[in-house]
Amino acid sequence: MPQLNILKTYKIFIGGAFPRTESGRYYKVTDAKNNLLANACLSSRKDFRNAVVAARKAFEGWSKKTHFNRGQILYRMAEMLEGRRSQFKEEIMAQGSTPLQAEKEIQLSIERCVYYSGWCDKYSALYSSVNPVASAHFNFSVPEPMGVVSVIAPEDSSLLGLLSVILPVIAGGNVCVVLASETKPLCSITFAEVLATSDLPAGVVNILTGKSKELHTHFSNHMDVNAVIYCRDNQAEQKTIEENASINVKRSFCWHKDWSSNEHQNPYLIMDLQEIKTTWHPIESIGIGGAKY
Amino acid sequence: MRKNNVTIKKTAVKSGTWQYAPAPESTDHIEIKQQYELFINGKFVKPNSKKYFDTINPATEKKISSVAQANTKDIDLAVKAAKNAYDNVWSKMPGAERAKYIYRIARLMQERAREFAVIESMDGGKPIRESRDIDIPLACNHFFYYAGWADKLAYAFPNRKPSSLGVAAQIIPWNFPLLMAAWKIAPALATGNTVVLKPAESTPLTALKLAEIIQASGLPDGVVNIVTGYGDAGAALVHHPLVNKIAFTGSTPVGKYIQHAIAGTSKKATLELGGKAAHIIFEDAPIDQAVEGIVNGIFFNQGHVCCAGSRLFVQENIAALVIKKLKRRMDTLIVGDPLDKNTDIGAINSKEQFNTIQQYIKLGIAEGAEMYQPSCELPAQGLFCKPTLFLHTSQSHRIVQEEIFGPVLSIQTFRTIEEVIEKANNIPYGLSAGVWTDKGSKIFNLTTQLRAGVIWANTYNKFDPSSPFGGYKESGFGREGGIHGLASYVKFEG
């Protein structure tokens, strides 16, 4: 007699825990042949707001971790991904990819983690400056994370697309609330399990499943969100997001790109989510002349 | 001799125990036309609106000149001139050639610096000491600084090819009229964009003088267009389909309007908006220097400064001493004729702003704060406001939360570092902050935790073309100045 498989319940990821949506709603995730793959959480505005609270709480600690430590944690994510290759492969194939495509997507995902891990303690040096002001002051500018970032992740790329937009956000010390692909949400929750075992502090990344149609307004009009990133091609949604962003002068970005090659991985994405802070301090009496830097 | 003595006696400013003789800057050498036109496509042209508005000297409330009022049609002509100049001339010109024009503008400005300073003080009310020593030199230096970038842009963006955006619409405020024009125009030109600039309606003159210099410099027609007018002209610029970039300095509500207006378009924006800076004095600060810093922080340019240190936080155990010294210093401030070289606080920029400030002062009293103003005499005519202090304020007071944009300082006390950081950051703005302490490690603790774009430690209100300026949160986004200021005006190919 064949033994019954234990099916996985796909929940959402908020503050390091895996709750169901508070709304109790779900939607069916199916494969190309309309077979049921999972009942995914249809996240609500309340879920989003809870996630923002968790993210804000995590920002203090994550932004103050050393850049080196952030790099180690992102590298740990690559390690944890590596160990779950087969699980991701099954999910990606269930969502319609060929085995070869699935393998390539996983390989690139792991490599992207390693890539951004390496940037964690380098982008700051590259984009900082000591400014030669014409007075007796030491003056320097450094990037600092913006804060809480809401992200509507790519629709068509379940794992790689999700990773490609989360990594530059958190590599720079930001925290995020992410809406996963609506039609391909399986990998996002399995990826959350990777995050939960990668020493990433709870709340740094929060992942919801559901519909952009319902949630894009809330993702963009929340007053405690500092930046919003939209990665899909619905122009009406994008316009609403950009309009709502003005409510609290949110920074808004459209990252609708093809993530399937390395062409769009770069530190400029990290810098999109950075503020430049400039600090001045006088230099003690220096006699003749101006500044020394 | 006798005549001079009489004059001195009549107008000498009594200030503390010192008597200052009037030291007015001469206005003989400056040229102001009776009427100014719009600067479009290299020529001064009459406005389609056929309307002109008066620009007023706030120190006398008398008219200085008539200025053309641009309407939608004029804005359209200016944008089309900029677009044409971009497509046919400026975007094709090598960076090194662009640089030569920008250097030339810088030099022409330097040659006429004193004239600019006098007109700036007449039109806007700021003390001649500030326009002469700060506004005008910094404006010239900004052109000089960015000129040098024009042929070196690739070095600023590792592994990327930067290219220009197109037509930049630039809308600037009345508090630093020429300086803001320079902050906007210089980086835009260096990066290969063309410009339509709209100065503020209450301070258009130095931008129009700059237009004369630009014309004299031989800059190709249409590369810079300067159109004067009201908010409707600014709105027309923001909405114009041929505009690729908006650079705005002004209030947060207008900044939000602009961000909303360009949603769903490919227009890029830089917003430099309001502020309500925390200025923090610790018990181990050099107190006399800190008091000078406080005065410079809030009374510089009559407090018409987006980064003004308008929320003072003093550690509790030195509060009595600091307040005593601050009051004594305020008693010596000279409020009066902007053109007098002794003047510390000039005229309030416009009647409208004067009324706003008066309303906030009334509000502060109504909210239960204790007001202090020195007993200095104000000129009989013109828009002047005494330097004003509010004691016993708290975070919930509107005079603590809202940007007043005048010489009004609110004071709170604090006990611990954690408390003051929390209070300093607990506001929608995040443009600037100041901190005074003798301890280096404490400075960096503060400067890394304050959520603001510019932090002055043991100094305040310093600016430089090489130093990026701009805010966090609702103080706007993008930077102006320095290497980071270039990013606001380029895109990457591919």
Side-chain angles (χ1 to χ4, degrees), chain A residues 60 63-64 123 126-147 220 223 226-227 235-252 254 263-264 266-268 271-272 274-284 290-291 293, chain B residues 137-138 141 145 157-160 252 255-265 271 273 289 428 430 432 434 440 443-444 447-460 462-479 481-485 487 492 494:
Chain A
E60 171 84 5
S63 60
K64 283 181 184 162
Y123 72 89
L126 197 57
Y127 297 101
S128 289
S129 59
V130 172
N131 308 307
V133 294
S135 57
H137 293 92
F138 180 55
N139 175 298
F140 62 99
S141 300
V142 292
E144 276 191 355
M146 282 177 179
S220 51
M223 292 297 282
N226 300 94
Q235 287 182 2
E237 286 188 359
Q238 191 187 327
K239 187 176 182 205
T240 304
I241 286 169
E242 288 173 10
E243 283 178 352
N244 286 344
S246 70
I247 295 169
N248 65 338
V249 198
K250 257 180 220 85
R251 290 76 172 123
S252 90
C254 182
E263 190 191 337
H264 296 296
N266 62 63
Y268 291 96
M271 291 306 295
D272 272 356
Q274 299 290 307
E275 300 287 355
I276 297 299
K277 174 181 277 181
T278 298
T279 305
W280 294 70
H281 196 280
I283 300 171
E284 195 169 44
Y293 290 93
Chain B
L138 270 178
N141 296 356
Y145 173 82
F157 303 99
N159 217 27
R160 280 289 176 278
T252 293
K256 289 178 177 180
Y257 164 83
I258 290 172
Q259 194 183 359
H260 191 274
I262 62 172
T265 71
L271 303 176
L273 309 178
Q289 287 175 42
S432 61
I443 288 173
F444 286 112
T447 58
T448 50
Q449 295 202 62
L450 293 169
R451 303 288 292 162
V454 183
I455 314 273
W456 288 288
N458 291 329
T459 182
Y460 205 92
K462 294 286 183 284
F463 309 94
D464 193 274
S466 71
S467 175
F469 185 92
Y472 286 28
K473 299 194 282 186
E474 294 194 18
S475 289
F477 48 70
R479 292 292 175 269
I483 190 169
H484 297 91
F492 300 139

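Numbered from 1 within each chain, the chains take letters A, B, ... in sequence-line order. FYI, side chains are in, hydrogens and waters are out, and symmetry mates aren't considered; it's all heavy atoms of this structure.
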Open item on the list: With chain A as the partner, which of B:T252, B:I443, B:T459, B:I483 has the greatest number of non-hydrogen pairs under 4.5 Å?
Closed with: B:T459

Open item on the list: Check whether A:T278 reaches the backbone of B:P468 with its side chain - one donor and one acceptor, N or O, closer than 3.5 Å.
Closed with: yes

- [ ] Using non-hydrogen atoms and a 4.5 Å limit, figure out which bit of A:P145 sits close to chain B: side chain, backbone, both or neither.
- [x] backbone

TODO: Taking A:K239 for its side chain and B:A263 for its backbone only, find out whether a donor-acceptor pair lies under 3.5 Å.
DONE: no

Open item on the list: Using a 4.5 angstrom heavy-atom cutoff, name the option from B:F469, B:W456, B:Y460 with the most pairs to chain A.
Closed with: B:W456

- [ ] Enter the distance from B:K462:NZ to A:N139:CG here, rounded to the nearest 0.5 Å.
- [x] 12.0 Å

Task: Engaged part of A:F140 at the chain B interface, taking heavy atoms whose separation is under 4.5 Å - done: side chain

- [ ] Using a 4.5 Å cut-off on heavy atoms from C-beta on, say whether the side chain of A:E144 contacts that of B:Y472.
- [x] yes

Task: Option that, when pairs with chain A are counted at under 4.5 Å, heavy atom only, ranks first among B:S475, B:G478, B:A452, B:G255 - done: B:A452

- [ ] Could you tell me which portion of A:M223 (side chain, backbone, both or neither) has an atom closer than 4.5 angstrom to a non-hydrogen atom of chain B?
- [x] side chain

Open item on the list: Which atoms of B:I258 are under 4.5 Å from chain A, going by heavy atoms: the side chain, the backbone, both sets, or neither?
Closed with: neither

Task: Side-chain heavy atoms of A:W280 within contact of B:V454, under 4.5 Å - done: yes

- [ ] Please confirm whether the backbone N or O of A:A134 pairs with a side-chain atom of B:D464, one donor and one acceptor, at under 3.5 Å?
- [x] yes

- [ ] Quick one: which of A:K64, A:R251, A:M271 has the most heavy-atom pairs under 4.5 Å with chain B, could you say?
- [x] A:R251

TODO: Could you tell me the separation between the CZ atom of B:R451 and the OG atom of A:S63, rounded to the nearest 0.5 Å?
DONE: 7.0 Å

TODO: Taking B:R479 for its side chain and A:E275 for its backbone only, find out whether a donor-acceptor pair lies under 3.5 Å.
DONE: no

Task: Evaluation steps, side-chain contact (heavy atoms from CB on, under 4.5 Å), between B:I455 and A:K277 - done: CA-CA 7 Å; B:I455 314 273; A:K277 174 181 277 181; 3.9 Å; yes

Task: Residues that B:Y257 engages under ring-ring contact (aromatic ring centres under 6.0 Å, His included), provided they are two or more places apart - done: none

Open item on the list: Quick check on A:A245 against chain B: is it the side chain, the backbone, both or neither that has a heavy atom closer than 4.5 Å?
Closed with: both

- [ ] Please report the C-alpha distance between A:K250 and B:Q259 in whole Å, then the side-chain angles of each, then the deciding distance to 0.1 Å, and finally whether the side chain to side chain donor-acceptor pair (under 3.5 Å) criterion is met.
- [x] CA-CA 9 Å; A:K250 257 180 220 85; B:Q259 194 183 359; over 6 Å; no

Task: From B:H484 atom NE2 to A:I276 atom CD1, the distance as rounded to the nearest 0.5 Å - done: 3.5 Å

Open item on the list: Once rounded to the nearest 0.5 Å, what's the spacing between atom CD of A:E243 and atom CD1 of B:I262?
Closed with: 11.0 Å

- [ ] Could you tell me the separation between the CG atom of B:N458 and the NE2 atom of A:H281, rounded to the nearest 0.5 Å?
- [x] 4.0 Å

TODO: Go through the atoms of B:T265 and report whether side chain, backbone, both or neither lie under 4.5 Å from a heavy atom of chain A.
DONE: backbone

Task: For A:Y123, ring-ring contact (aromatic ring centres under 6.0 Å, His included) partners two or more places apart - done: A:H67

TODO: Applying side chain to side chain donor-acceptor pair (under 3.5 Å), run through A:N131 and B:S467 and close with a yes or a no.
DONE: CA-CA 6 Å; A:N131 308 307; B:S467 175; 4.7 Å; no

TODO: Run the numbers on A:I247 and B:K256 for side-chain contact (heavy atoms from CB on, under 4.5 Å), then give the verdict.
DONE: CA-CA 7 Å; A:I247 295 169; B:K256 289 178 177 180; 5.9 Å; no

